[in-house]
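For reference, the structure is listed below as structure tokens.
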Amino acid sequence: MKNTVLTFKRAKEKGEKLSMLTAYDYSTAKLIDEAEVNSILVGDSLGNVILGYEDTISVTMEDMIHHSAAVARGVKNALVICDMPFMSYQTSVYDAVVNAGRLMKEGRAGAVKLEGGKAVCPQIKAIVDAGIPVCGHLGLTPQSINAFGGFKVQGKTEAAAKKLIEDAKAVEEAGAFAVVLECVPTKVAEIVTKSLNIPTIGIGAGNVCDGQVLVYQDMLGMFRDFTPKFVKKFADIGTVMKEAFAAYDREVKAGSFPEKQHEYTISDDVLEKLY
Ligand code: KIV
């Protein structure tokens, strides 16, 4: 069944959990969609896991559009949410609406996600008013990594937790249909989840959220530069891939691949005329 913002609304009302995974390409998106995951996030984490940057700061609108369109081509039922990259919405409400529109028109996303609380609520409201569903993102917001001074758990002090709760309410009030909570204490995520009528999607925010999201390379053991505490490795595909690459290398070098069944033939009549 096709997942939309209504799926998110109904899941919250019924207390049903929502699943979300990242994807950045057609083939992976198709597999995730076939696995009936509710939503695919074309995260700007592609800066880390696809492009090899240290952070998400350098990711461009063109990067996001390119990967979102590839994902959208592989998806039948999952809701495709595309991240708005750094400086595509912070600069002005006008920029935010124009760029969210491009992610829908050119990237074929079904919704956009942007980071921040009260400070970006005018942007969220304007994008929603333009008919584009918005997912918020609070807690550890990687685009603010330089302001945070590193990848650190957020909302641990009384003031920070209160601000997080206020920001979540403001993001809902501005019209967001869901909000991602990244790297926050479970008890704070629980207060936020109970305070909102829209679903919270956790990543490092415990089992109290209305849904969960993971970066697929993390949960498949394919990205090994660093593994946050909240990641569960559901399969070690990274090792399987490495072993397969090594087997290919061995067989090519030994001359045992390709075999007969991998070859194309030509009729003897034609062949004879070639000599
Ligand atoms: O970019 C991303 O993959 C994200 C998730 C970590 C929530 O924003």
Side-chain angles (χ1 to χ4, degrees), residues 8 18-25 28-29 32 37-61 63-68 70-71 78-90 99-100 103 107 109 111-117 120 124 133-145 148 150-155 164 167-168 171 176-184 189 192-193 198-206 209-220 222-223 225-232 234:
F8 277 62
L18 290 157
S19 57
M20 185 186 292
L21 281 172
T22 66
Y24 318 93
D25 70 275
T28 312
I32 294 173
V37 171
N38 294 109
S39 178
I40 294 182
L41 173 66
V42 187
D44 61 354
S45 50
L46 73 85
N48 306 105
V49 296
I50 300 289
L51 302 175
Y53 298 140
E54 268 181 21
D55 53 42
T56 58
I57 301 299
S58 305
V59 176
T60 65
M61 276 296 295
D63 293 332
M64 296 312 299
I65 288 168
H66 182 72
H67 288 275
S68 181
V71 165
L79 175 64
V80 177
I81 304 174
C82 186
D83 259 343
M84 299 198 69
F86 184 55
M87 285 300 132
S88 69
Y89 58 95
Q90 291 93 339
N99 286 320
L103 296 177
V112 299
K113 175 166 84 57
L114 55 82
E115 299 180 4
V120 292
I124 295 177
V134 176
C135 178
H137 185 158
L138 295 169
L140 175 55
T141 45
Q143 291 175 15
S144 303
I145 199 67
F148 292 147
F151 290 95
K152 294 185 170 72
V153 179
Q154 300 297 307
L164 189 79
D167 277 339
V171 164
F177 73 94
V179 61
V180 167
L181 299 179
E182 180 166 352
C183 273
V184 301
V192 173
T193 300
I198 56 171
T200 56
I201 309 295
I203 175 162
C209 295
D210 300 302
Q212 296 294 324
V213 58
L214 280 177
V215 170
Y216 90 82
Q217 285 91 341
D218 285 341
M219 54 89 75
L220 294 183
M222 291 167 64
F223 182 75
D225 292 5
F226 59 91
T227 306
K229 180 184 176 185
F230 57 74
V231 169
K232 175 176 172 179
F234 284 78

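Positions are given from 1 along the sequence. Counting starts at 1 for both ligands and their atoms, following the listed order.
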E115 side-chain N/O to Q143 backbone N/O, donor-acceptor pair under 3.5 Å = yes

Can you pull every nitrogen or oxygen pair between ligand 1 and the protein closer than 3.5 angstrom?
residue  : atom  : partner : partner atom : Å
ligand 1 : 1 (O) : D44     : N            : 3.2
ligand 1 : 1 (O) : D44     : OD1          : 3.1
ligand 1 : 1 (O) : S45     : N            : 3.0
ligand 1 : 1 (O) : S45     : OG           : 3.3
ligand 1 : 1 (O) : D83     : OD2          : 3.1
ligand 1 : 3 (O) : S45     : OG           : 2.5
ligand 1 : 8 (O) : K113    : NZ           : 2.9

Between F223 and F226, is the gap from one ring center to the other below 6.0 Å?
-> yes

Quick one: does S19's side chain have a donor or acceptor within less than 3.5 Å of a partner on N38's backbone?
-> yes

Work out which heavy atom in A189 is nearest to a heavy atom in A205; give both atom names and the distance.
-> CB-O, 3.3 Å

For the pair N48 (side chain) and E54 (backbone), establish whether a donor and an acceptor sit closer than 3.5 Å, ignoring hydrogens and angles.
-> yes

Minimum heavy-atom separation for A78 to I40, with atom names?
-> CB-CG1, 3.9 Å

